[in-house]
Amino acid sequence: ASIRTSEGFPLTDSRGNVVSHLKGLFNRTANLLAEGVRPIYIFDGKPHELKKGTLELRRERKEKAQDQWEHALEIGDLEMARTKAQQTSRLTDEMVDDAKRLLHLMGVGWIQAPGEGEAQASHMARKGDVYGTASQDFDTLLFGCPLLIRNLAVSGKRKLPGKRVWINVKPEMIELGSTLAELEVDRSQLIDMAIMIGTDFN
């Protein structure tokens with residue numbers, strides 16, 4: 001989403017094909033490999049029926065951001081244009097196929113999940129097939145992932161949503177078992193709390 005021109009347009013090749021996603025994926029993966037991390041990417045499958053409402057809201061927000069981007073370009077507000085352009089990002093089937101091919105050419109593993117990627121990754125971590133799950137999404141813990149690794153960003157910085165503010169972040173590891181013990185709850189209670197608080201897990 002963030003790899004764009006100053007006006008907010010995604011990067012393209014000489015034939016007009018969008019390549020922002022490939023540049024981002026290549027750079028991030030190369031940096032992880034250089035640090036000795038061997039990632040396996042999980043691609044989301046078909047969303048659950050109960051997520052239709054959330055996906056519809058996201059689509060409406062993207063359409064609104066598209067209008068705001070075009071308006072910002074008309075009045076020459078490039079800062080706003082770039083911000084709104086990032087909110088219009090869509091991942092097409094062709095982009096996903098390109099990403100899978102790039103990973104294959106880099107010798108990096110990937111898996112197509114039947115449903116939620118976090119559920120697939122958590123299942124693999126529970127079985128011991130992988131060390132842990134790298135994600136910003138706490139849903140992995142609700143799916144029973146024994147080890148969640150957050151903030152595995154190469155830059156070590158993250159932009160606060162809706163602000164032109166960047167904060168320093170460090171990787172953190174959250175162990176499900178010790179966290180539940182410290183909170184004196186079990187995983188089913190954690191799931192109940194998450195549903196009451198409101199997440200797309202429910």
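Predicted model, so just to flag it, every value in this text is computed and none were measured.
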A side-chain contact here means heavy atoms from C-beta on lying under 4.5 Å apart; do Met106 and Leu102 qualify? yes
Smallest separation among heavy atoms of Leu142 and Ala194, with atom names: CD1-CB, 3.5 Å
Can you check whether Ser135 reaches Leu152 side chain to side chain, under 4.5 Å on heavy atoms? no
How far does CE of Met193 sit from OG of Ser188, to the nearest 0.5 angstrom? 9.5 Å
Linked, directly or transitively: Leu105 and Val19 (ILVMFWY side chains, under 4.5 Å): no
Atom pair CD1 (Ile111) and NE2 (His123), whose distance is rounded to the nearest 0.5 Å: 9.5 Å
Give a yes or no on this: more than 12 heavy atoms of other residues, nucleotides or ligands lie within 6.0 Å of atom CZ of Phe26. no
Could you tell me whether the side chain of Leu91 reaches within less than 4.5 Å of the side chain of Phe43, counting heavy atoms only? no
Heavy atoms only: give me the nearest Leu176-Cys145 pair and the separation to one decimal. CB-O, 3.4 Å
Taking atom CD as the centre, does Gln68 end up with more than 12 heavy-atom neighbours from other residues, nucleotides or ligands that are less than 6.0 angstrom away? yes
Side chains of Glu60 and Leu57: does their closest heavy-atom pair fall under 4.5 Å? yes
Testing the basics here: between Val130 and Ile40, what is the closest heavy-atom pair and its distance to 0.1 Å? CG1-CD1, 4.0 Å
Cluster check Val185, Met196: I/L/V/M/F/W/Y, side chain < 4.5 angstrom: no
For the NZ atom on Lys62, are there more than 12 heavy atoms of other groups (residues, nucleotides or ligands in this structure) within a distance under 6.0 Å? yes
Arg38 atom CZ, neighbour heavy-atom count above 12 within 6.0 Å: no
Do Arg126 and Pro146 come close enough that some side-chain heavy atom pair is under 4.5 Å? yes
Show your working on side chain to side chain contact (heavy atoms under 4.5 Å, CB included) between Tyr41 and Lys100 and close with a plain yes or no. CA-CA 9 Å; Tyr41 286 86; Lys100 290 175 178 177; over 6 Å; no
Is the number of heavy atoms from other residues, nucleotides or ligands under 6.0 Å of Glu56 CD greater than 12? yes
N/O donor-acceptor pair under 3.5 Å between Thr140 side chain and Glu118 backbone: no
OG1 of Thr133 to CG of Leu147, rounded to nearest 0.5 Å, is 8.0 Å
Gln120 side chain vs Gly117 backbone, donor-acceptor pair below 3.5 Å: no
Do Leu32 and Tyr131 belong together in a cluster built from hydrophobic side chains that touch within less than 4.5 Å? yes
Could you tell me which residues satisfy side-chain contact (heavy atoms from CB on, under 4.5 Å) with Thr92, sequence neighbours excluded, listed by chain and number? Glu94, Met95
Check whether more than 12 heavy atoms from other residues, nucleotides or ligands sit under 6.0 Å from atom CG of Asp93, and answer yes or no. no
Quick check for you: to the nearest 0.5 Å, what is the distance between Gln136 atom CD and Ile149 atom CD1? 11.5 Å
Contact between Met124 and Ile42 at the side-chain level, heavy atoms closer than 4.5 Å - yes or no? yes
Strictly below 4.0 Å, N to O, side chains only: are Arg59 and Glu63 in salt-bridge contact? yes
Do the side chain of Glu116 and the main chain of Gly45 share a donor and acceptor less than 3.5 angstrom apart? no
If I take atom CG from residue Leu25 and atom OG from residue Ser20, how far apart are they, to the nearest 0.5 angstrom? 12.0 Å
Would you indicate whether Glu35, at its atom CD, is surrounded by more than 12 heavy atoms from other residues, nucleotides or ligands within a distance under 6.0 Å? no
Minimum-distance pair of heavy atoms, taken over all atoms of Gln189 and Glu184: OE1-O, 4.4 Å
Would you please test Asp98 and Asn17 for side chain to side chain contact (heavy atoms under 4.5 Å, CB included) and show each step? CA-CA 11 Å; Asp98 288 345; Asn17 299 311; over 6 Å; no
Would a single hydrophobic cluster contain both Leu180 and Ile195, if residues Ile, Leu, Val, Met, Phe, Trp and Tyr are joined by side-chain heavy-atom contacts under 4.5 Å? yes
